[in-house]
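What follows is a set of notes on a single structure, which appears directly below.
Remember, it's a predicted structure, so these values are computed and weren't measured experimentally. Just so it is clear, the values below take in all heavy atoms, side chains as well, and ignore hydrogens, waters and symmetry mates.
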Amino acid sequence: MTRIQWQPHQPHTAVTRVIETSCCGALEWCSEGGRFLVLRRCGDHGHEETGRGRYPDARRVWNALLAAHACTTPS
């Protein structure tokens, strides 16, 4: 798997659309002005993003993150 590098989310357009959410809401698959990315909440500091780019490239990052994801919601 490609190394995932998170960075502070800096919206490139006025609208960020959440398309899918992980089982516990920790990760969000989003689109922004024709680009795709994965967001995660970063405490009180907003969000971090990874995988920004064209659909197939960003989708590979989303799929890899979901495959390795452990639900963070307590039972």
When you look at Gln5 and Gln7, which way does the side chain to side chain contact (heavy atoms under 4.5 Å, CB included) test go after all the steps?
CA-CA 7 Å; Gln5 296 183 347; Gln7 57 191 3; over 6 Å; no
For Arg35 and His12, what are the C-alpha separation, side-chain angles and deciding distance, and is it a side chain to side chain contact (heavy atoms under 4.5 Å, CB included)?
CA-CA 9 Å; Arg35 297 308 235 178; His12 291 211; over 6 Å; no
Could you go step by step and tell me if Glu32 and Thr13 meet the side chain to side chain donor-acceptor pair (under 3.5 Å) rule?
CA-CA 6 Å; Glu32 236 180 46; Thr13 66; 4.8 Å; no
Test log, rule side chain to side chain contact (heavy atoms under 4.5 Å, CB included), inputs Val61 and Thr50:
CA-CA 8 Å; Val61 173; Thr50 192; 3.9 Å; yes
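Expressed to the nearest 0.5 Å, how far CG of Leu27 lies from NE2 of His69 amounts to 5.5 Å. Leu65 contributes atom CG, which lies 5.0 Å from atom CH2 of Trp6 (distance to the nearest 0.5 angstrom). With rounding to the nearest 0.5 Å, the separation of CZ in Arg52 from OG in Ser31 is 10.5 Å.
The hydrophobic clustering, which links ILVMFWY residues whose side-chain heavy atoms are closer than 4.5 Å, places Ile4 and Leu37 apart.
Between Leu66 and Ser22 the shortest side-chain heavy-atom distance falls below 4.5 Å. Val18 is not listed as a side-chain neighbour of Trp29, based on a closest heavy-atom distance of 4.5 Å or more.
Between His9 and His47, the two ring planes are perpendicular [angle over 60°; tilted spans 30° to 60°].
For the residue pair Glu49 and Pro8, the shortest heavy atom distance occurs at CG-O, 4.2 Å. Residues Ile19 and Cys30 come closest through the heavy atom pair CD1-C, 4.0 Å. Here the shortest heavy-atom pairing between Ala58 and Gly53 reads CB-O, 4.2 Å.
We find that Arg59 and Glu20 are joined by a salt bridge, their nearest charged nitrogen and carboxylate oxygen being less than 4.0 Å apart.
No close placement of the Trp62 and Tyr55 rings is indicated, their centers lying 6.0 Å or farther apart.
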